[in-house]
Amino acid sequence: MDHAKNHETSLPVADPSMQIDPVCGMKVPKDSPRSADFQGKHYVFCSDGCLSKFQDDPAEVLAKRAQKEAASGSICCGGEATIQIGESSTTSSCCGGQPSTKASDSPADPTAIYTCPMHPEIEQAGPGDCPICGMDLEPKVVSLADEGDDQQYADMKRRFWVGVALSVPLLIIAMGPMVGLRIADWISQTMFGWLQLALATPVVFWCGWPLLVRGAKSFRTMNLNMFSLIAVGTLAAYMFSLVVVLLPGVIPEAFFENGVPPLYFEAAAVIITLVLLGQVLELRARQQTGGAIRELMKLAPDTAHRITDDGEEDVSLDSVHKGDRLRVRPGEKVPVDGKVLSGSSSVDESMLTGEPMPVKKVEGDEITGGTLNQTGALVMEAVGVGGDTVLSRIVQMVADAQRSRAPIQKLVDVVARYFVPAVIVCSILAFIGWAVLGPQPQLAHAFVAAVAVLIIACPCALGLATPMSVMVGVGRGAKEGVLIKNAEVLEVMEKVDTIVVDKTGTLTQGRPEVTGVETFGNWNQDDVLTLAAAVEAQSEHPLAQAVVRRAKAGELQAVEAREFNSITGGGVQARVDDHDVLIGKADLLDEQGIEGVDAGREKAGSHQAEGATVVFVAIDNQLAAILAITDPIKQSTPAALKTLHELGLKVVMLTGDAEPTAKAVASRLGIDEFHAGVSPEEKHDFVRKLKKEGKTVAMCGDGINDAPALAEANVGIAMGTGTGVAIESAGVTLVGGDLRGVAAAANLSRKTMSNIRQNLFFAFIYNALGIPVAAGLLYPFFGILLSPMIAAAAMSFSSVSVIANALRLRAAKLT
């Protein structure tokens with residue numbers, strides 16, 4: 001079907017003066033100057049970007065818009081909706097032949113992608129249930145709209161309370177004789193049966209309808225799950241009782257109790273009600289796992305003040321485009337990522353860095369969406385909008401990690417694949433065993449035991465054990481500024497025994513300052529700094545920026561460098577005011593045949609002994625000066641290293657600095673092992689060497705030069721204050737760029753994996769003990785035969801107990 005042709009005029013707009021932008025879906029005035037025609041139709045656009053996308057491929061844009069509208073229920077295309085399952089897919093008719101549902105009917109976005117917490121390969125537009133396990137799907141990316149009661153939760157709660165209202169009187173009627181209340185003495189046995197039938201039928205076939213539908217689906221697709229067992233067990237009890245009421249003469253006497261055939265209406269109704277209770281508690285608990293993401297999303301404001309040629313207007317964040325000028329008033333949150341165009345202010349960046357001290361922002365400085373403007377007014381240019389903001393990327397990273405699967409889940413998957421068929425076999429064997437060897441009435445006992453086995457053996461707790469812990473653990477880490485790339489990282493991080501760290505920006509603040517200048521020959525400090533700053537202005541290295549800042553602080557006149565060249569791992573060179581300037585390590589200057597380097601080395605020793613990095617400056621082939629540059633140790637570093645040592649981790653420092661500088665820093669901080677003068681390639685090789693020795697290595701760094709080592713390590717840990725390349729190469733990102741985050745990540749992995757093992761233990765033990773008890777193992781010794789109702793209660797609360805245990809991670813102390 002050609003969606004573009006069928007739906008190009010179907011975009012609904014309530015206001016006749018407005019039209020929908022087919023690219024982004026925004027409402028745009030019909031007389032917008034940004035417009036285009038395609039196949040005889042006129043379209044308008046909110047921005048040049050949307051217009052450009054449309055012009056590139058109009059047919060594709062219209063097809064995507066039509067699919068999105070169809071998925072939302074506002075258009076029924078009569079076609080098919082696809083649910084992706086790994087590399088295969090299943091199809092179902094669009095709208096299912098039912099009236100469409102408007103987006104406004106639900107607080108959640110019906111076009112959002114939903115997925116299964118147990119089977120993340122299942123994805124579909126809008127809510128539903130998993131075709132593999134039958135569980136309710138949940139949004140792949142949590143939105144603020146999901147915070148309240150969603151439709152699934154409200155519907156299940158309504159069905160549960162109706163079930164309670166009908167099951168309680170049914171239970172009193174059926175179980176009354178046990179406490180001396182005999183309803184059958186007041187009415188005939190026939191009326192007694194019809195009364196129970198009237199109460200049980202709405203519970204089974206209305207309250208329990210979603211459960212029965214999922215059970216039927218599981219047999220149709222042969223993806224047997226918890227709902228397979230529930231459907232078989234409850235329908236068996238109900239249908240047997242129905243036959244007793246309608247055709248009592250066909251029931252064998254082996255089923256009779258006290259001379260009459262038994263009724264199990266109350267068992268079927270109470271089982272459905274208890275399963276619904278478990279579903280309600282589970283849905284409510286699962287909503288809480290998205291709390292970390294929702295807290296992050298709340299950091300962004302709802303609107304922005306956009307400055308236009310006609311004045312200032314308040315717009316939603318969705319309407320902000322790259323290049324827009326925005327005003328940020330005192331006390332407001334910064335709407336998107338951008339650059340300060342005018343004004344100055346102090347900005348609280350604690351949501352990113354964890355540092356309580358506000359940061360001064362002036363013209364030209366970068367500013368991050370979600371941070372809090374404190375004292376002054378700013379005018380900024382939007383640079384990162386929508387999904388390109390730092391905050392959006394963090395939210396997406398956390399959401400992706402929560403849906404990932406830990407390797408330990410593979411064991412669970414193998415067990416679950418054979419579990420339900422094995423339970424059905426156990427149920428049949430229990431029936432046969434009681435029917436042949438059990439006491440009178442044999443078939444009645446056999447029937448009760450078989451149904452109890454089916455009901456108690458719910459694999460839901462087993463399936464939830466790992467994903468719930470991962471979801472909560474990843475969310476807990478996000479609150480501490482520890483972003484986990486996927487669940488596999490959590491599992492590997494637990495086994496890490498060696499932490500390899502870079503020095504600059506990891507142990508230190510990453511904002512070095514020139515603390516000493518010693519000149520040689522006829523050069524003075526100002527002249528050397530002027531020439532050196534001209535060259536270093538072309539470089540983004542932290543040490544280079546320190547030289548530039550020192551020149552600016554001395555109000556030295558800026559000059560321009562020509563023929564700039566960066567020497568990898570060594571230094572930089574350029575021509576400035578007819579001078580050849582070379583800046584770098586002493587070894588580099590030796591290689592270039594610079595005179596006087598030995599004299600510089602002698603002076604450099606005292607600075608390096610105090611932990612300073614020494615940079616050599618040569619002008620016209622002669623050593624002109626050495627610059628002592630000190631990068632202060634972060635205040636949090638000593639405490640973080642102490643925590644790492646308490647966790648039994650060995651800390652190794654790799655740095656490109658000279659030996660004396662590295663030794664001074666390592667000695668001051670109590671580093672277990674250090675290596676100086678290490679190039680990016682050597683960092684990579686060193687990590688590989690540790691792995692060959694049997695070590696499980698986590699590499700922590702923040703620069704482009706750390707990326708190869710980060711990728712080679714078992715777990716790469718990138719400082720969020722570092723480069724995008726480093727973050728992309730890492731499995732863990734520390735938003736605040738603080739070494740305490742490494743300790744938090746180590747603690748988080750250990751607590752999460754411990755929680756997973758606890759959950760798996762509970763789930764396995766529950767089933768290992770529950771099935772034999774339900775089958776009647778205790779009857780020969782204690783005369784106890786488990787009621788299907790008690791089995792249903794145990795099954796429901798086993799899932800809830802696993803979720804409750806996982807939720808304990810939210811209060812875990814990580815540092």
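Because only heavy atoms are used, hydrogens play no part in the values below, and waters and symmetry mates are left out as well, while side chains stay in.
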**Report entry** Step-by-step side-chain contact (heavy atoms from CB on, under 4.5 Å) determination, L748 to I484
**Finding:** CA-CA 10 Å; L748 176 66; I484 308 295; 4.1 Å; yes
Measure the shortest side-chain to side-chain distance between [X] and [Y] over non-hydrogen atoms and say whether it is less than 4.5 angstrom.
{"X": "P210", "Y": "R159", "answer": "yes"}
{"X": "V482", "Y": "L814", "answer": "no"}
{"X": "K650", "Y": "D497", "answer": "no"}
{"X": "I424", "Y": "V232", "answer": "no"}
{"X": "V270", "Y": "V203", "answer": "no"}
{"X": "E494", "Y": "S754", "answer": "no"}
{"X": "L246", "Y": "W194", "answer": "yes"}

Could you tell me whether the side chain of [X] and the main chain of [Y] form a donor-acceptor pair under 3.5 Å?
{"X": "T752", "Y": "S749", "value": "no"}
{"X": "N755", "Y": "N805", "value": "yes"}
{"X": "S427", "Y": "A450", "value": "yes"}
{"X": "N714", "Y": "V697", "value": "yes"}

Over all heavy atoms of both residues, which pair between [X] and [Y] is shortest? Give the atoms and the distance, please.
{"X": "L647", "Y": "A743", "answer": "CD1-O, 4.1 Å"}
{"X": "A446", "Y": "A435", "answer": "CB-N, 3.7 Å"}
{"X": "V496", "Y": "I499", "answer": "CG1-CD1, 3.8 Å"}
{"X": "L649", "Y": "H645", "answer": "O-CD2, 3.5 Å"}
{"X": "A745", "Y": "M493", "answer": "O-CG, 3.9 Å"}
{"X": "L199", "Y": "P169", "answer": "CD1-C, 4.4 Å"}

Requested in this report: Not counting sequence neighbours, which residues clear side-chain hydrogen bond (donor to acceptor under 3.5 Å, both in side chains) with K751? List them please.
Outcome: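 Checked K751 against side-chain hydrogen bond (donor to acceptor under 3.5 Å, both in side chains); zero matches.
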Contacts of [X] that satisfy side chain to side chain contact (heavy atoms under 4.5 Å, CB included) - sequence neighbours left out:
{"X": "F160", "answer": "V164, T273, L276, L277, V280"}
{"X": "A231", "answer": "L212"}
{"X": "F761", "answer": "I765"}

Query raised in the report: Once the angle between the rings of F265 and Y238 is folded into 0 to 90°, is it parallel (under 30°), tilted (30 to 60°) or perpendicular (over 60°)?
Result: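 Answer is perpendicular, since the angle exceeds 60°.
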Query raised in the report: Sequence neighbours excluded, which residues qualify as salt bridge (charged side-chain N to carboxylate O under 4.0 Å, His left out) partners of R750?
Result: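 Checked R750 against salt bridge (charged side-chain N to carboxylate O under 4.0 Å, His left out); zero matches.
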Query - salt bridge (charged side-chain N to carboxylate O under 4.0 Å, His left out) partners for K495, two or more places apart - result: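 Testing K495 for salt bridge (charged side-chain N to carboxylate O under 4.0 Å, His left out), a comparison that skips the adjacent residues, returns none.
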Using 0.5 Å steps for rounding, measure from the [atom1] atom of [X] to the [atom2] atom of [Y].
{"X": "L807", "Y": "M471", "atom1": "CG", "atom2": "CE", "result": "10.0 Å"}
{"X": "K691", "Y": "T498", "atom1": "NZ", "atom2": "OG1", "result": "12.5 Å"}
{"X": "L235", "Y": "I230", "atom1": "CG", "atom2": "CD1", "result": "11.0 Å"}
{"X": "S469", "Y": "I803", "atom1": "OG", "atom2": "CD1", "result": "10.5 Å"}
{"X": "R808", "Y": "R476", "atom1": "CZ", "atom2": "CZ", "result": "13.0 Å"}
{"X": "L166", "Y": "I272", "atom1": "CG", "atom2": "CD1", "result": "12.5 Å"}

Query raised in the report: Is the count of non-hydrogen atoms from other residues, nucleotides or ligands lying under 6.0 Å from W206 atom CH2 greater than 12?
Result: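 Counting neighbours around CH2 of W206, more than 12 heavy atoms of other residues, nucleotides or ligands fall under 6.0 Å, so yes.
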